Colleague: 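Below you'll find the structure I mean.
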Protein chains: 2
Amino acid sequence: MSRYYVHDVGENAFMLELAILGFLRDSPLHGYGLRKRLTALIGHVRPVPESTLYPALKRMEKAGLLVRATEPGAAAAPRHVLTLTGEGERELRRRLATPERLDVTDENRWFTLLAFLRHLEEPAAQAAVLRQRLTFLEEPSSFFLDGDRPLRAEELDDPFRRGVLTVARATGRAETAWLRETVAALEAGGARPGRDAPPGDAPPGDTRDVIPGT
Amino acid sequence: MSRYYVHDVGENAFMLELAILGFLRDSPLHGYGLRKRLTALIGHVRPVPESTLYPALKRMEKAGLLVRATEPGAAAAPRHVLTLTGEGERELRRRLATPERLDVTDENRWFTLLAFLRHLEEPAAQAAVLRQRLTFLEEPSSFFLDGDRPLRAEELDDPFRRGVLTVARATGRAETAWLRETVAALEAGGARPGRDAPPGDAPPGDTRDVIPGT
DNA sequence: TGAGGATACCTCGATGTCGAGGTACTACGT
DNA sequence: ACGTAGTACCTCGACATCGAGGTATCCTCA
């Protein structure tokens with residue numbers, strides 16, 4: 001940490017700021033519109049109250065990452081249209097290219113990063129980032145200790161803890177497969193990977209979208 | 001929020017405190033041992049520096065959730081062995097039985113809750129909590145907006161965003177299957193569910209099912 | 001006309017976060 | 001004898017979080 005700020009800005013602020021940088025890179029927005037996008041993306045993990053968003057925007061403006069152009073008389077109050085500066089774009093690319101450890105290990109932060117990884121542009125750089133996640137997923141990990149000894153899934157008596165590990169394993173496998181496939185595609189000449197949904201479990205035509213039941 | 005504290009304690013503190021309550025319910029610990037367990041469980045999402053842990057313990061002690069017994073001359077510094085009070089146990093059960101919205105929607109918090117759900121004891125109450133997660137997973141959700149319109153996976157051009165949705169879908173399916181299976185087992189008389197993965201929606205044996213690509 | 005709701009931004013203050021740094025003792029290697 | 005690492009707890013201070021509450025405009029529906 002400690003990047004464009006003199007001091008530390010806190011781990012959480014980083015996920016928020018990354019998403020702000022990313023969305024503004026997509027297109028200039030005013031605070032309210034930005035907030036709606038942020039809520040859709042990370043609201044289920046971290047709600048974005050205005051009293052968090054606006055101070056964040058101010059400090060990012062102060063840091064030179066974005067500019068606020070007051071657009072008079074448009075709607076209700078004077079809107080501040082937010083636009084990323086060159087410095088802001090550079091900061092975004094820097095964060096995407098050299099993620100924090102937590103950006104890679106925390107699924108939520110990782111997905112936030114992924115949502116904007118296209119802004120990195122060079123396929124090789126994108127692949128390098130994906131590899132970091134892959135490395136993390138391949139590390140043995142354990143959630144529970146018996147004294148000092150890590151416990152493996154098979155040793156757990158508790159059905160809920162077993163469930164945690166079962167689901168984590170399934171997730172890990174799914175993600176690993178996607179990562180490998182995508183890294184390969186990226187390194188095979190930067191072709192767009194996953195252009196048409198690869199034949200898999202997801203039946204094409206099943207538009208039910210994210211997280212379906214059944 | 002706003003439970004045993006007069007005022008609000010913040011969303012993050014809640015995950016930390018739940019884990020503290022849960023681990024101390026497992027067995028009394030001193031701060032250092034507690035910290036190691038916390039790090040194993042949630043460290044990849046939220047590191048637990050001492051300067052966060054010890055103040056948390058103090059405020060929980062002040063709230064009557066735990067007591068600290070000074071154990072003299074043991075190791076280096078005088079250890080404070082932490083034990084949950086009756087009030088602490090009640091608070092734990094309360095948080096498990098009536099989770100916050102975010103406890104259900106944020107995977108990290110949900111897994112933390114799951115890790116201690118056994119302390120709820122009544123199978124019916126456990127099943128009720130699992131159902132909440134199931135309900136959430138069955139809700140249609142979207143991460144990206146085009147203006148105001150939610151975008152579906154198929155509409156996304158960006159391979160990384162597609163990846164996010166692909167992985168989320170796979171995860172959702174795996175978790176949904178586990179949840180349904182476990183709820184059924186719990187409601188069928190409180191037998192231990194998942195003892196040896198019974199056949200559910202997931203093809204038994206091959207857990208690979210979940211993998212989208214390849 | 002008037003209420004309600006969405007848009008759009010703001011301040012204030014209580015609180016949690018967490019790095020930096022301190023204390024102190026044990027144990028091991030060299 | 002000395003350095004390093006681990007155990008175990010602590011304070012301080014800068015900062016981010018976020019609910020409560022405020023302001024103002026616009027639109028819709030009754």
Side-chain angles (χ1 to χ4, degrees), chain A residues 1-18 20 29-39 42-43 45-63 68-82 100 102 147-148, chain B residues 1-18 20 29-39 42-43 45-63 68-82 100 102 147-148:
Chain A
M1 309 257 298
S2 89
R3 316 161 151 260
Y4 57 91
Y5 299 119
V6 183
H7 33 67
D8 225 317
V9 79
E11 285 300 344
N12 294 346
F14 258 75
M15 180 160 69
L16 176 61
E17 293 181 8
L18 177 64
I20 291 174
L29 289 167
H30 50 268
Y32 211 77
L34 179 58
R35 185 163 172 249
K36 282 207 285 200
R37 281 170 173 75
L38 289 169
T39 298
I42 60 174
V45 169
R46 170 170 302 278
V48 188
E50 300 184 347
S51 47
T52 297
L53 177 60
Y54 287 113
L57 292 174
K58 272 184 187 163
R59 87 180 164 254
M60 291 171 76
E61 186 189 20
K62 211 165 84 184
R68 298 197 289 176
T70 304
E71 188 183 75
R79 289 163 154 218
H80 292 170
V81 175
L82 307 159
E100 303 274 312
L102 278 186
D148 272 340
Chain B
M1 308 259 297
S2 88
R3 317 165 150 256
Y4 58 90
Y5 299 118
V6 184
H7 33 67
D8 225 314
V9 80
E11 285 299 344
N12 294 346
F14 256 75
M15 180 161 68
L16 176 61
E17 292 180 9
L18 177 63
I20 291 173
L29 289 166
H30 50 270
Y32 211 76
L34 179 58
R35 186 163 170 249
K36 282 208 284 199
R37 282 172 173 74
L38 289 169
T39 298
I42 59 174
V45 170
R46 172 170 300 278
V48 188
E50 301 184 344
S51 47
T52 298
L53 176 59
Y54 287 113
L57 291 175
K58 272 184 187 162
R59 85 178 166 256
M60 291 171 76
E61 186 189 20
K62 211 165 85 184
R68 298 197 289 176
T70 305
E71 187 183 75
R79 289 165 153 214
H80 293 171
V81 174
L82 307 160
E100 303 275 311
L102 277 186
D148 272 342

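Just so we're clear, the structure is a prediction, and the values are computed from it rather than from any experiment.
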Colleague: Could you tell me the separation between the CD atom of A:Glu100 and the P atom of C:dG19, rounded to a whole number of Å?
Modeller: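 Going from A:Glu100 (CD) to C:dG19 (P), I get 11 Å.
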Colleague: Under 4.0 Å between a side-chain N/O of B:Arg46 and OP1 or OP2 of C:dG16, yes or no?
Modeller: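 False: B:Arg46 side-chain N/O out of range (4.0 Å or more) of C:dG16 OP1/OP2.
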Colleague: Go through C:dC18, C:dC9, D:dC9 for me and flag the one nearest to the B:Tyr54 side chain.
Modeller: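 Per side-chain heavy atoms of B:Tyr54, the pick is D:dC9.
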Colleague: Expressed in angstrom and rounded to an integer, what is the separation of A:Arg35 atom CZ from D:dT17 atom C1'?
Modeller: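 A:Arg35 atom CZ is separated from D:dT17 atom C1' by 14 Å.
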Colleague: Is there a side-chain polar atom (N or O) of B:Lys36 under 4.0 Å from OP1 or OP2 of D:dT7?
Modeller: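 Checking B:Lys36 against D:dT7: at least one side-chain N or O falls below 4.0 Å of OP1 or OP2.
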Colleague: Check whether any side-chain nitrogen or oxygen of B:Arg59 sits under 4.0 Å from OP1 or OP2 of C:dT17, and answer yes or no.
Modeller: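 For C:dT17, OP1 or OP2 has a side-chain N or O of B:Arg59 closer than 4.0 Å.
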Colleague: Measure from the side chain of B:His80, starting at C-beta and using heavy atoms only, and say which of C:dC10, D:dC10, D:dT17 lies closest.
Modeller: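 Closest nucleotide among those given: D:dC10.
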Colleague: Restricting to side chain to side chain contact (heavy atoms under 4.5 Å, CB included), what partner residues turn up for B:Pro49, sequence neighbours left out?
Modeller: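 Checked B:Pro49 against side chain to side chain contact (heavy atoms under 4.5 Å, CB included); matches are B:Ser51, B:Thr52.
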Colleague: Nearest 0.5 Å, what's the CG-NE2 distance between B:Leu34 and B:His80?
Modeller: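 One gets 14.0 Å once the value is rounded to the nearest 0.5 Å.
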Colleague: So, is A:Ser51 close to the D:dT17 phosphate, meaning a side-chain N or O under 4.0 Å from OP1 or OP2?
Modeller: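 False: A:Ser51 side-chain N/O out of range (4.0 Å or more) of D:dT17 OP1/OP2.
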Colleague: Nearest 0.5 angstrom please: A:Arg68 CZ to A:Leu57 CG, how far?
Modeller: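 Taking CZ in A:Arg68 and CG in A:Leu57, the distance rounds to 7.0 Å.
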Colleague: Looking at the side chain of A:Lys58, which of C:dT17, D:dC10, C:dC10 is the nearest nucleotide?
Modeller: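 Nucleotide nearest to A:Lys58's side chain: C:dC10.
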Colleague: Once you round it to whole Å, what is the distance between P of D:dT17 and CE of A:Met60?
Modeller: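 Value for this atom pair: 11 Å.
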Colleague: Figure out the OH/P separation between B:Tyr32 and D:dC10, and round it to whole Å.
Modeller: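 It works out to 14 Å between those atoms.
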Colleague: For A:Leu16 and C:dT17, what is the distance between atoms CG and C1' respectively, to the nearest whole Å?
Modeller: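 From A:Leu16 CG to C:dT17 C1': 16 Å.
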Colleague: Can you tell me the distance, in whole Å, between the CG atom of B:Leu57 and the C1' atom of D:dC10?
Modeller: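 Value for this atom pair: 12 Å.
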Colleague: I'd like to check the side chain to side chain contact (heavy atoms under 4.5 Å, CB included) partners of A:Arg35; sequence neighbours left out, ordered by chain and number.
Modeller: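 Per chain and number, A:Arg35 pairs via side chain to side chain contact (heavy atoms under 4.5 Å, CB included) with A:Thr39, A:Glu50, A:Leu53.
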Colleague: How do B:Val81 and A:Pro47 order along DNA chain D: which one's closest nucleotide is nearer the 5' end?
Modeller: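 Going by which nucleotide is closer to the 5' end, it is B:Val81.
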Colleague: Using whole Å, what does the distance between atom C1' of nucleotide D:dT17 and atom CZ of A:Phe14 come to?
Modeller: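 One finds 16 Å between C1' of D:dT17 and CZ of A:Phe14, rounded.
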Colleague: Specify the residue among B:Glu50 and B:Pro55 whose closest nucleotide of DNA chain C lies further upstream toward the 5′ end.
Modeller: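 Result of the comparison: B:Pro55.
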Colleague: Do A:Met15 and A:Val45 make a side-chain contact, defined as non-hydrogen atoms from C-beta onward lying under 4.5 Å apart?
Modeller: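 They are in side-chain contact.
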Colleague: Under 4.0 Å: is that the gap between some side-chain N or O of B:His30 and OP1 or OP2 of D:dT7?
Modeller: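 False: B:His30 side-chain N/O out of range (4.0 Å or more) of D:dT7 OP1/OP2.
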Colleague: Starting at CG of A:Leu53 and ending at C1' of C:dT7, how long is that distance when rounded to a whole Å?
Modeller: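 Between C1' of C:dT7 and CG of A:Leu53: 14 Å.
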